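Because only heavy atoms are used, hydrogens play no part in the values below, and waters and symmetry mates are left out as well, while side chains stay in. The structure presented is a predicted model; accordingly, all values stated were derived computationally and were not measured.
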Amino acid sequence: MSLSRSTKIALLVAATFFMENLDATIIATALPDMARSFGVAAVDLNIAMSSYMLALAAFIPISGWLADRFGARRVFASAIVLFSLASLLCGLSGSLEMFLAARILQGLSGAMMVPVGRLAVLRATEKKDLVRTIGYITFPALVAPILGPPLGGFIVTHATWPWIFFVNLPLGLLAFIATFALIPDHRAERQRPFDWLGFVLLGSTCVALLYGFELLGQNLAHFWPGALLCLAALVLGAWSFRHMRRHAHPLLNLGVLKIQTFSVSFVGASLFRIAISTLPFLLPLMFQLAFGLSPLTSGLLVVAVFAGNLAMKARTTWVIQRWGFRRVLLVNGAIGVAALAACALLDADMQHWLIMLVLFIGGLSRSLQFTAYNTLGFADVPQAQMSDASTLFSMAFQLSMGMGIAVGALLLRAAMALHGNPGQADTADFQLTFLFVALLAVLALYDSWQLRPQAGAAVLHKAA
């Protein structure tokens with residue numbers, strides 16, 4: 001298959017990824033308006049965000065089996081239709097109950113869209129072109145969480161909140177048409193029976209872990225329920241692992257974890273993603289609560305991270321091809337850790353251009369790091385295991401992104417407790433929190449250190 005076609009498939013999948021990631025955060029600034037429409041308190045609508053993330057986490061494990069059974073094109077197209085229908089229902093909702101049902105359907109369809117879309121890209125791309133195409137589908141995950149809240153605020157200011165969801169309809173229609181024009185109807189040669197126990201165990205593990213961390217990040221009153229849910233997730237996860245290893249036809253074949261490049265990316269990328277995912281939560285809070293800046297100014301400062309993501313895209317392929325995965329992950333990872341630690345130096349008296357420079361450098365680093373991780377993860381995976389690899393990677397991705405905000409809130413509360421600050425967080429609390437986050441990112445570098453110098457050589461070639 002030609003590069004032009006694989007690139008078109010990657011761009012199509014990237015567009016759907018952008019919709020899925022954007023809808024996770026875009027309603028944040030619209031919650032007060034939505035609450036008034038439904039006649040409820042704004043705080044009651046937090047469940048609208050968590051229900052979407054939980055549905056995503058619960059149903060991702062089934063996506064690989066569906067793609068093998070019915071074909072990537074059919075499942076991907078069906079997911080787009082369901083996502084668009086759910087978006088329409090969200091916008092037409094007249095009650096909180098109807099809206100929550102539509103959000104759960106949206107999360108379910110998004111769970112099909114992400115791993116199946118990635119699988120279509122992986123099957124359509126030759127190894128030598130993998131760095132470039134993975135870069136396309138990595139970009140939405142970097143920019144959507146940052147652009148979501150300000151874009152939602154813009155729509156609510158100049159229109160009404162249902163248009164947050166209605167804008168998905170023309171995009172969904174175009175994506176549906178492009179799916180049948182671009183994505184081949186590939187199915188697994190051997191059909192395996194559905195592993196119901198594996199699905200229940202894996203889905204329950206994901207939901208318990210994500211919701212447990214969310215409770216831990218709320219307040220002390222939810223600490224023990226959150227801790228018990230996390231403990232339950234560990235037990236369920238261990239049971240899931242044991243079941244997958246012993247079952248004749250498991251929902252997911254864990255043999256792919258024996259491939260070093262995949263396992264390193266699976267673990268290391270998850271830790272790094274959790275650390276990075278705290279930024280869209282912590283930075284606006286620090287700018288507004290500790291620095292006293294307006295929401296608009298805070299949003300403009302955070303856009304510097306997006307600018308760094310965008311600026312790095314043009315050179316990502318060249319850098320990875322020139323220096324190799326191991327060196328990039330270690331050196332660039334160290335730069336990313338330094339950029340996180342540098343956020344501990346920010347204060348209310350610092351000039352805004354200097355704050356934006358720190359965030360811009362961090363944006364450059366995170367863009368390169370994620371593209372390297374996401375490409376290396378599939379560099380040595382044979383086609384027969386691509387379905388399992390894509391599903392596992394998507395599970396890790398969704399859990400780590402969802403846990404980022406909860407971990408950020410948990411670390412901020414820990415910093416406040418260490419400073420003996422029972423009230424509103426101040427600058428010192430945020431500064432200590434960013435040091436904690438940087439230490440978390442350091443843990444991700446350990447896995448990269450274990451890589452061979454030639455790791456991922458199958459997808460590397462001299463750039464022209």
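The nearest pair of heavy atoms linking Gly268 to Asp447 is N-OD2, 3.4 Å. For the residue pair Ser240 and Thr205, the shortest heavy atom distance occurs at OG-OG1, 3.5 Å. The minimum heavy-atom distance linking Gly333 with Leu445 is given by the pair CA-CD2, 3.6 Å. The nearest pair of heavy atoms linking Met286 to Cys343 is CE-O, 4.4 Å. Scanning both residues, Ala342 and Val358, for their nearest heavy atoms gives CB-CG1, 3.8 Å. Of all heavy-atom pairs between Ala444 and Leu271, the closest is CB-CB, 4.0 Å.
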Verify side chain to side chain contact (heavy atoms under 4.5 Å, CB included) between Gln321 and Thr317, making sure each step is shown before the conclusion.
CA-CA 6 Å; Gln321 296 287 1; Thr317 300; 4.0 Å; yes
Begin from the C-alpha positions of Leu88 and Phe165 and carry the test side chain to side chain contact (heavy atoms under 4.5 Å, CB included) through to its verdict.
CA-CA 6 Å; Leu88 176 64; Phe165 301 99; over 6 Å; no
Let me see the working for Arg74 and Leu66 under side chain to side chain contact (heavy atoms under 4.5 Å, CB included), right down to the final yes or no.
CA-CA 9 Å; Arg74 185 178 298 181; Leu66 286 173; over 6 Å; no
Derivation of the side chain to side chain contact (heavy atoms under 4.5 Å, CB included) call for Cys90 and Gln106:
CA-CA 9 Å; Cys90 283; Gln106 212 179 23; 4.0 Å; yes
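Under the 30°/60° scheme for interplanar angles, the aromatic rings of Phe370 and Phe272 are found to stand perpendicular.
Residues Leu392 and Val256 are in side-chain contact: their nearest non-hydrogen atoms beyond the backbone lie under 4.5 Å apart. Looking at heavy atoms from C-beta onward, Phe241 lies out of side-chain contact with Leu201 at the 4.5 angstrom threshold. Put simply, the side chain of Ile320 reaches to within 4.5 Å of the side chain of Leu368, judged on heavy atoms. Inter-residue side-chain proximity for Phe59 and Phe199 is flagged as met; some heavy-atom pair is nearer than 4.5 Å. Taking 4.5 Å as the limit, some side-chain heavy atom of Ser84 sits within range of a side-chain heavy atom of Leu169. In this structure, the side chains of Leu451 and Leu376 come closer than 4.5 Å at one or more pairs of heavy atoms. Counting only heavy atoms from C-beta outward, the side chains of Phe393 and Asn374 approach each other to under 4.5 Å. Counting only heavy atoms from C-beta outward, the side chains of Phe76 and Met113 approach each other to under 4.5 Å.
Other residues, nucleotides and ligands place more than 12 heavy atoms under 6.0 Å from the CZ atom of Phe194. By the neighbour-count criterion of 12 heavy atoms within 6.0 Å, atom NE2 of His419 is densely surrounded, having more than that number from other residues, nucleotides or ligands.
The one candidate from Ile361, Asn309, Leu340 that meets the side-chain contact (heavy atoms from CB on, under 4.5 Å) condition with Arg366 is Asn309.
Put simply, the side chain of Thr391 never gets that close to the backbone of Asp388: no donor and acceptor are under 3.5 Å apart. The main-chain N or O of Ile60 is found under 3.5 Å from a side-chain atom of Ser63 such that the two form a donor-acceptor pair. Ser367 places no side-chain N or O within 3.5 Å of a backbone atom of Leu364 that could act as its donor or acceptor partner. Judged purely by atom type and a 3.5 angstrom limit, Thr278 has no side-chain atom pairing as donor or acceptor with the backbone of Gly408. Checked by atom type and distance alone, the side chain of Ser265 never pairs as donor or acceptor with a backbone atom of Phe262 at under 3.5 Å. Using modelled atom types, one side-chain atom of Gln260 and one backbone atom of Gln450 make a donor-acceptor pair closer than 3.5 Å. A donor-acceptor distance shorter than 3.5 angstrom exists from the side chain of Gln369 to the backbone of Leu329, with no hydrogens or angles considered. Judged by distance alone, the side chain of Ser365 and the main-chain N or O of Gly362 form no donor-acceptor pair under 3.5 Å.
Atom CZ of Arg69 sits about 12.0 Å away from atom CD1 of Ile62, to the nearest 0.5 Å. Distance check: Leu440 CG to Leu435 CG gives 13.0 Å after rounding to the nearest 0.5 Å. Atom CG of Leu210 sits about 10.0 Å away from atom OG of Ser400, to the nearest 0.5 Å. Taken to the nearest 0.5 Å, the CZ atom of Phe99 stands 11.0 Å off from the CD1 atom of Ile104. Note that the CD atom of Gln454 and the OG1 atom of Thr261 stand 12.5 Å from one another [nearest 0.5 Å]. Atom OH of Tyr373 sits about 13.5 Å away from atom CZ of Phe266, to the nearest 0.5 Å.
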